[in-house]
J.: 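So that we are looking at the same thing, I have put the structure below in structure tokens.
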Amino acid sequence: MITQAPRGTADWYGDDMHRREVIEQICKETADLYNIKQIMTPEFEHTVLFQRGVGETTDVVQKEMYTFEDKGGRSITLKPEGTAGAIRAYLEHSMYAESGVTKVFYITPAFRYEKPQSGRLRQHHQFGVELIGSKSPLIEAELISLVSTIIKKLGLKDIEVHINSIGCPVCRKEYNKALLEYLNLHRDGLCETCKTRMEKNPLRVIDCKEPGCKTIVKDAPRTIDYLCEECRTHFEELQSILKGIGISYSIDTGIVRGLDYYTKTVFEFVNKDGFTLCGGGRYDNLVHEIDGKLDIPSAGFGMGIERIIYFLNLQGVDLGGVVPPQLYVGMMGDVKTEAFKLITSLRDAGISVETDYLDRSVKAQMKYANKIHAGHVVIIGEDEIASGRVNVKNMDDGTQTECAMGEIASVIKGE
């Protein structure tokens with residue numbers, strides 16, 4: 001066990017690490033286009049933050065959180081998602097005192113105790129965005145636009161946008177009443193968890209993954225039929241904006257998302273088989289749930305890095321492998337000091353360099369340079385050091401260029 005990672009976790013290295021770096025870079029560059037700045041919050045928070053923010057009736061809080069007591073007797077939880085921590089930081093540092101909408105993104109590990117499956121691990125990583133301070137449907141449109149842009153840049157195909165509105169506390173009262181009446185007619189078929197949920201938060205039953213509950217809720221009342229005028233207008237405006245910027249979507253009344261803080265708009269990006277790549281929406285009451293005083297609207301989404309990689313592999317999208325070094329510097333004879341001085345100067349000039357650390361023969365060094373796909377090779381011996389000149393071999397076409405040691409970088413850069 002000491003040499004095996006815990007179930008539901010993964011080690012990142014080699015080509016997989018490279019793909020992850022490419023994905024994260026695309027996410028960061030796209031966020032920059034939308035003037036969204038990065039935030040980093042702790043990997044653990046006080047447990048009460050998630051109980052209030054995520055919701056005590058959710059699967060995340062009831063079943064999936066990694067919670068422990070620290071040495072000071074405080075209840076601490078490894079973050080199961082990024083939103084609650086970002087909102088806590090927003091409040092703690094009074095970001096609301098700044099004018100305009102606060103726009104932040106994060107790339108963070110998240111921890112959920114659930115059955116490991118394709119693209120979903122117990123420790124996974126999320127790219128998430130939070131836009132705080134506006135009730136406008138432009139906010140949700142911007143989030144959906146941003147995700148659509150990332151998907152295009154990644155080269156993913158056949159990903160659809162599904163949207164829904166789950167209303168606000170005003171219209172949710174009427175909806176909950178209708179839903180509760182329906183669920184009471186089918187109470188015997190519900191799982192024990194949902195029998196408890198339906199009394200505290202009936203909407204959570206819609207999100208249950210138990211087969212029996214899924215069958216029952218298939219014909220349950222839908223939130224979209226109970227929207228108040230404000231929520232209906234908001235949803236219609238969002239649709240108008242999406243159409244205006246050329247983003248096609250489907251209304252999916254089955255989307256309620258798995259966290260209690262959602263209000264009004266919810267959305268998911270799914271493939272043709274119904275697997276979710278990304279989910280998000282609006283949560284106008286979350287700031288108040290956490291702070292207890294302020295009422296500041298917000299919206300956001302979370303996208304799993306592992307889930308992106310799963311989709312990329314599923315569709316055969318190639319993001320390339322580890323970038324090979326531009327140059328391999330081989331050594332012949334006792335020239336370590338002079339050779340390493342050259343290597344250091346080349347790295348200072350922006351050239352990626354690999355060399356020999358195992359005192360191998362020149363033949364073995366050339367074989368290794370081939371193995372790591374080095375772009376060029378230079379062999380340094382006493383003669384090269386004495387003359388100050390070397391042969392730079394291009395490993396793609398086999399051509400060699402003689403030059404002074406100080407010109408190696410220019411030869412490799414093609415200057």
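Residue numbers run from 1 in the order of the sequence given.
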J.: Write down the atom of A110, the atom of P80, and the distance for their closest heavy-atom approach.
T.: CB-O, 3.6 Å
J.: For the residue pair Q326 / H376, report whether a side-chain donor-acceptor contact shorter than 3.5 Å exists.
T.: no
J.: Does atom NZ (K195) have a neighbourhood of more than 12 heavy atoms from anything else shown, all under 6.0 Å?
T.: yes
J.: Under 3.5 Å, is there a donor-acceptor pair between the D397 and T399 side chains?
T.: yes
J.: Could you go step by step and tell me if D356 and K336 meet the salt bridge (Lys or Arg N to Asp or Glu O under 4.0 Å) rule?
T.: CA-CA 10 Å; D356 177 55; K336 290 184 178 67; over 6 Å; no
J.: Who passes side-chain contact (heavy atoms from CB on, under 4.5 Å) against A404, sequence neighbours left out?
T.: R389, E407
J.: Taking atom NE2 of H234 and atom CD of Q239, what is their separation to the nearest 0.5 Å?
T.: 11.0 Å
J.: Kindly state each residue pair satisfying salt bridge (charged side-chain N to carboxylate O under 4.0 Å, His left out) with at least one member in residues 270-285, sequence neighbours excluded.
T.: E140-R282, R282-D284
J.: Please work out whether the ring planes of F127 and F105 are parallel, tilted or perpendicular, with thresholds of 30° and 60°.
T.: tilted
J.: Hey, does the side chain of T355 reach the backbone of V329 with a donor-acceptor pair shorter than 3.5 angstrom?
T.: yes
J.: Check this for me: Q315, atom CD, are more than 12 non-hydrogen atoms of other residues, nucleotides or ligands nearer than 6.0 Å?
T.: yes
J.: Of all the heavy-atom pairs spanning V353 and R347, show the shortest one and how long it is.
T.: O-NH2, 2.9 Å
J.: Rounded at 0.5 Å granularity, tell me how far CG in L143 sits from CD in E130.
T.: 8.5 Å
J.: Test salt bridge (Lys or Arg N to Asp or Glu O under 4.0 Å) on K103 and E142; report intermediate values, then the result.
T.: CA-CA 11 Å; K103 304 165 75 172; E142 177 147 311; 2.8 Å; yes
J.: Could you tell me if the side chain of M95 sits less than 4.5 Å from the side chain of I132, heavy atoms only?
T.: no
J.: Quick test of your reading of the model: are E236 and R232 salt-bridged, counting only N-O distances below 4.0 Å?
T.: no
